[in-house]
Chemist: 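Structure provided below as structure tokens; questions to follow.
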Number of protein chains: 2
Amino acid sequence: MELNMFQEHARLFKALSHPTRLHLIGLIRDRNPCVKVLEEELGVAQPNISQHLSILRNLGIVEAKREGNQVCYRIKNPLVLKLLDAIS
Amino acid sequence: MELNMFQEHARLFKALSHPTRLHLIGLIRDRNPCVKVLEEELGVAQPNISQHLSILRNLGIVEAKREGNQVCYRIKNPLVLKLLDAIS
DNA sequence: TTAGTATATTCAAACATTCGAATATATTAA
DNA sequence: TTAATATATTCGAATGTTTGAATATACTAA
């Protein structure tokens, strides 16, 4: 197993190592929601949600699509779903 | 999905979010090695290895068994193996 | 007992993450 | 245009993680 593999996997696990991000991923998986919906569901301040979404975007875990006034999110890397299914 | 579930899963993912710990888990899975062997394989200082093993022990991911002079490690929570298989 | 080997713990400095506050940007409606 | 709504970014303080250095503990051999 390559050393860089460990780094890459560690980065992915780190992205999943915060409860808010796991909650976000769960909602995004189910409904491809826009940020407003995520904000209401989580009861977390909007800038904080955007910060967490930014982390997930930068790792290629989710992707954003603007739809008029709002931005909707969906899962980009299905590997993440495999991991979530494996853990629950 | 309960809020505490996200916390619990996040804790597990955090334990897996460091390359050294992933390397350790891989070796432990294959050979149930003692710390000396882990030290040689990883080329990382012994106290640092013990620190990472302590994190994995505290989360119930691995367990230690003293064998005379040395301490051997093995996987305790097989869920971790499911995760590692899912990611690779 | 003492010396040697194997492992664990403690501490502090360096570094990274998290979050609220403030602000910026994008789009729509008036 | 201006105002309103939705989302993103920046910054800094608080907090958490990582690591090397020093030290402690456990066992074995002499």
Chemist: For I49(B) and dT9(C), give me the distance from atom CD1 to atom P, rounded to whole Å.
Modeler: 15 Å
Chemist: Please state how far atom NE2 in H18(B) lies from atom C1' in dG16(D), giving the value in whole angstrom units.
Modeler: 13 Å
Chemist: Using heavy-atom distances to pick each residue's nearest nucleotide on DNA chain C, tell me which of A64(B) and V44(A) is more 5'.
Modeler: A64(B)
Chemist: Give the rounded distance in Å between these two atoms: CG of L53(A) and P of dA6(D).
Modeler: 16 Å
Chemist: So which nucleotide from dA8(C), dA8(D), dA6(D) ends up closest to the side chain of K36(A)?
Modeler: dA6(D)
Chemist: Would you mind reading off the distance between R57(A) atom CZ and dT7(D) atom P, rounded to a whole angstrom?
Modeler: 12 Å
Chemist: OP1, OP2 of dA6(D) versus side-chain N and O of R66(A): anything below 4.0 Å?
Modeler: no
Chemist: Think N69(A) has a side-chain N or O under 4.0 angstrom from the OP1 or OP2 of dA6(D)?
Modeler: no
Chemist: Using a cut-off of 4.0 Å on non-hydrogen atoms, how would the nucleic acid contact of Q51(A) be classed: base, sugar-phosphate, or nothing?
Modeler: base
Chemist: Taking only side-chain N and O atoms of H52(B), does any of them lie within less than 4.0 angstrom of OP1 or OP2 on dT19(D)?
Modeler: yes
Chemist: E40(B) has an atom CD; how far is it from atom C1' of dA6(C), in whole Å?
Modeler: 12 Å
Chemist: Would you check if L53(B) and I28(B) make a side-chain contact, meaning some heavy-atom pair closer than 4.5 Å?
Modeler: yes
Chemist: Please report, rounded to the nearest Å, how far the P atom of dT17(C) is from the CZ atom of F13(A).
Modeler: 17 Å
Chemist: Rounded to whole Å, how long is the line connecting atom CD1 of I55(A) with atom C1' of dA8(D)?
Modeler: 13 Å
Chemist: At less than 4.0 Å, is any side-chain N or O atom of Y73(A) found next to OP1 or OP2 of dA8(D)? Yes or no.
Modeler: yes
Chemist: Rounded to whole angstrom units, what separation is found between the NZ atom of K65(B) and the P atom of dC27(D)?
Modeler: 14 Å
Chemist: It should be established whether R21(A) places a side-chain nitrogen or oxygen under 4.0 Å from OP1 or OP2 of nucleotide dT17(C).
Modeler: no
Chemist: Look at the side chain of R31(A) and the backbone N and O of P33(A), then say whether any donor-acceptor pair between them is shorter than 3.5 Å.
Modeler: no
Chemist: Do the side chains of K36(B) and E41(B) get close enough for a salt bridge, i.e. N-O under 4.0 angstrom?
Modeler: no
Chemist: Does the pair D85(A)/R29(A) count as a salt bridge with the N-to-O cut at 4.0 Å?
Modeler: yes
Chemist: In terms of the nearest nucleotide of DNA chain D, which residue is placed more toward the 5' end: P47(A) or K14(A)?
Modeler: P47(A)
Chemist: Between Q70(B) and G68(A), just flag the one whose closest nucleotide in DNA chain C comes earlier from the 5' side.
Modeler: Q70(B)
Chemist: Let's test your reading of the model: under 3.5 Å, does the base of dT5(D) pair with the side chain of Q46(A) as donor and acceptor?
Modeler: no
Chemist: Below 4.0 angstrom, N of the basic side chain to O of the carboxylate: do E63(B) and R57(B) qualify?
Modeler: no
